[in-house]
Amino acid sequence: MITVVLPFSPEHYFEATLQQFVQSPLVKKIIIAHDGTYLGTQHKCAGIKVDSLTSGKTLNAIINKISSNFLLFISQAQSITLNQVALERLIHIARDTNAGMVYADFYEIKEGKRLEHPVIDYQLGSIRDNFDFGAVMFFSVSAIKKAIKRYGKIDKVERAGLYDLRLKVSIDHEIFHNQEFLYTKTESDIRISGERMFDYVDPRNISVQKENERVATSYLKNIGAYLKPKFAKVPKSSQLFPVEASVIIPVRNREKTVGEAVHSVLSQKPDFTFNVIVVDNHSTDNTTAMLRELAKNDQRIKHIIPKRQDLGIGGCWNEAVLSEFCGKYAVQLDSDDLYSGNDTLQTIVNVFRKEGVAMVIGSYTLVDANLEPIPPGLIDHKEWTPANGRNNALRINGLGAPRAFYTPVVREILLPNTSYGEDYAAAIRISRQYQIGRVYTSIYNCRRWEGNTDAALPIEKVNRNDYYKDKIRTIEMRARIALNKKK
């Protein structure tokens, strides 16, 4: 039998959503979470007044009321239509797999059309708090109670209780993805992927992010993947470098923007020597000709066309850092972005010199194609702290820009030969051993326009990217668990 948690809504769809559960013989009880406005007295239904549906207080109260085998949790008020035998399938799969939680693919209504919305498999590295489970999370009550007995009640949080619950359940039980479309929901967030991706750095969400960090850190401690704030010293190098810093620009077919990017580097006024290494990944437009002409006029520009034809952005980076032109520090600039002033390089290298770190990450401002600021504006990733940044980095999808590396370290680690997540993979790998320095003021303008690779992605590409980043985290978390076992 199932207990259903359903958030109340005064909208017309609520009654239809509710009646599916009222009429099902598999549903024992329906807990309707509301803010004091629900006055219904229907069969099987019990209201519970809450300030937040996903607070620790609410979830602990709900768990204490459950006497069924399963808990079906709907986390947002929205229109849900169960597909044929959906509840039966959830029960059978949960029993057959002994999973702690089951979730499924679904259909969604967008602009009047019913579209498939597949989700991805859960893995160890699916620790991020924005993992897409869809609208329905189906828990084994015995797994919940076992997790609470072993790891404690849901934390005293205002919004991160559901996050805490699924992490605790996942330690000893599988989170199982069923690739059947078990329900249809009306899409409540119609923003494109490029607009949603910065929600976690919205200043309005700071308190929630702090809660999520606390929950994630506790989870890492429980599974043995937490690292204390003790760092190895960055190794001194006997290598001779042609310049102090190199700006690396991987590029393919960016004839409209790469010239501006290069000039933003050449306009830098540091107290040290520098160059710019442009790795031209076999452009088919006018990019190559433009770069050749620029390189003729300024010896600081090193124009590299790789011999390989199979390089992603990470592979282009490796070509640059392994080249004879690379300086002591390798600094990132995307081919459609710009440094915000002529002191960006100086600011970054000052952190390397002062703090002796293996990597420096800056902050940037989101701008449109005309360099006008767009929401949310400054992306400073203040969730990174010297004490817990290396752990919290496993929870979030990005760490900031521009990224800069101490060349001897990045030459040893290298970047994955991919065009998504390559810099994130290098950063969390570096953070396993070394401290990462931060610049919290904007030193970089990141352009968002229709040609960006992540501006508006189809769900299949979003899923592929998310799965890969979860895999990066899985690799790193396993390495950290093994490292802690050796201590």
Side-chain angles (χ1 to χ4, degrees), residues 1-9 13-50 52-104 106 133-149 153-154 161-162 164-166 168-170 172-176 178 180-185:
M1 296 293 282
I2 304 169
T3 295
V4 175
V5 174
L6 179 66
F8 172 71
S9 172
Y13 62 75
F14 174 77
E15 189 62 28
T17 300
L18 172 63
Q19 286 304 314
Q20 299 172 101
F21 300 116
V22 171
Q23 295 169 15
S24 172
L26 297 174
V27 174
K28 179 179 181 180
K29 186 176 185 180
I30 305 166
I31 299 175
I32 299 177
H34 62 94
D35 60 1
T37 56
Y38 177 73
L39 303 175
T41 57
Q42 294 195 53
H43 175 57
K44 296 184 181 180
C45 297
I48 177 173
K49 184 178 178 180
V50 301
S52 167
L53 179 62
T54 58
S55 72
K57 180 180 178 181
T58 296
L59 286 167
N60 286 321
I62 288 172
I63 291 168
N64 290 335
K65 295 178 180 290
I66 298 175
S67 59
S68 58
N69 301 111
F70 301 102
L71 169 65
L72 189 154
F73 197 99
I74 298 176
S75 59
Q76 291 184 342
Q78 54 197 319
S79 174
I80 303 290
T81 303
L82 297 175
N83 294 349
Q84 187 187 54
V85 301
L87 295 181
E88 289 86 348
R89 290 298 292 154
L90 288 169
I91 290 174
H92 293 162
I93 292 167
R95 286 176 173 168
D96 290 346
T97 63
N98 195 34
M101 193 192 99
V102 178
Y103 63 105
F106 57 93
F133 292 107
V136 175
M137 301 171 74
F138 192 76
F139 290 93
S140 160
V141 173
S142 64
I144 288 176
K145 292 184 176 179
K146 179 180 178 181
I148 289 175
K149 183 177 180 180
K153 288 185 177 182
I154 309 304
L162 190 59
D164 191 26
L165 175 61
R166 63 101 160 168
K168 284 186 165 92
V169 167
S170 73
D172 298 317
H173 291 83
E174 182 180 7
I175 305 293
F176 189 88
N178 175 33
E180 299 168 17
F181 296 87
L182 292 188
Y183 59 92
T184 301
K185 80 180 189 75

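Residue numbers start at 1 and run along the sequence shown.
With contacts defined as side-chain heavy-atom distances shorter than 4.5 Å, the pair Val169/Ile144 qualifies. Using a 4.5 Å heavy-atom cutoff, the side chains of Glu180 and Asn83 are not in contact. A heavy-atom distance below 4.5 Å is found between the side chains of Leu165 and Phe139. Counting heavy atoms from C-beta outward, Phe14 and Ile32 have side chains that approach closer than 4.5 Å. At a threshold of 4.5 Å between non-hydrogen side-chain atoms, the residues Ile74 and Phe21 count as touching. Taking 4.5 Å as the limit, some side-chain heavy atom of Cys45 sits within range of a side-chain heavy atom of Tyr38.
Atom CZ in Arg89 sits 11.5 Å away from atom CD in Gln84 (nearest 0.5 Å). Rounding to the nearest 0.5 Å places OH of Tyr13 at 10.5 Å from NZ of Lys185. Atom-to-atom distance recorded for His34:NE2 and Leu6:CG is 11.5 Å, nearest 0.5 angstrom. To the nearest 0.5 Å, atoms NZ (Lys57) and OG (Ser52) are separated by 11.0 Å. Distance check: Leu18 CG to Gln42 CD gives 5.0 Å after rounding to the nearest 0.5 Å. Put simply, CG on Leu72 and CD1 on Ile31 are 11.5 Å apart, with the number rounded to the nearest 0.5 Å.
In this structure, Gln20 contributes its side chain and Ile80 its backbone to a donor-acceptor pair below 3.5 Å. With hydrogens and angles disregarded, no donor-acceptor distance shorter than 3.5 Å links the side chain of Lys153 to the backbone of Asn60. Between the side chain of Asn178 and the main chain of Leu90, no donor-acceptor pair closer than 3.5 Å is present. Formation of a donor-acceptor pair under 3.5 Å by the Thr54 side chain with backbone atoms of Leu162 is not found in this model.
Among all heavy-atom pairs drawn from Ala86 and Leu182, the shortest one is CB-O, 3.2 Å. The shortest heavy-atom contact between Ile154 and Lys168 is CA-NZ, 4.4 Å. What you find for Leu87 and Ser24 is that their closest heavy atoms are CD1-OG, 3.5 Å. The minimum heavy-atom distance linking Pro7 with Val5 is given by the pair CD-O, 4.1 Å. The two residues Asn69 and Arg95 make their nearest non-hydrogen contact at OD1-NH2, 4.5 Å. The shortest non-hydrogen separation linking Ala46 to Lys29 is CB-CE, 4.0 Å.
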Using side chain to side chain donor-acceptor pair (under 3.5 Å), reason through Ser140 and Lys146 one step at a time and then give a plain yes or no. CA-CA 10 Å; Ser140 160; Lys146 179 180 178 181; over 6 Å; no
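Put simply, the residue from Thr58, Leu53, Leu59 that forms a side-chain contact (heavy atoms from CB on, under 4.5 Å) with Ser55 is Thr58. A ring pair (Phe, Tyr, Trp, His ring centres under 6.0 Å) with Tyr103 is found for one member of Phe133, Phe73, Phe176 and no other, namely Phe133.
Taking the six-membered ring where the residue is Trp, Phe138 and Phe70 present parallel rings, their angle staying beneath 30° rather than reaching 60°.
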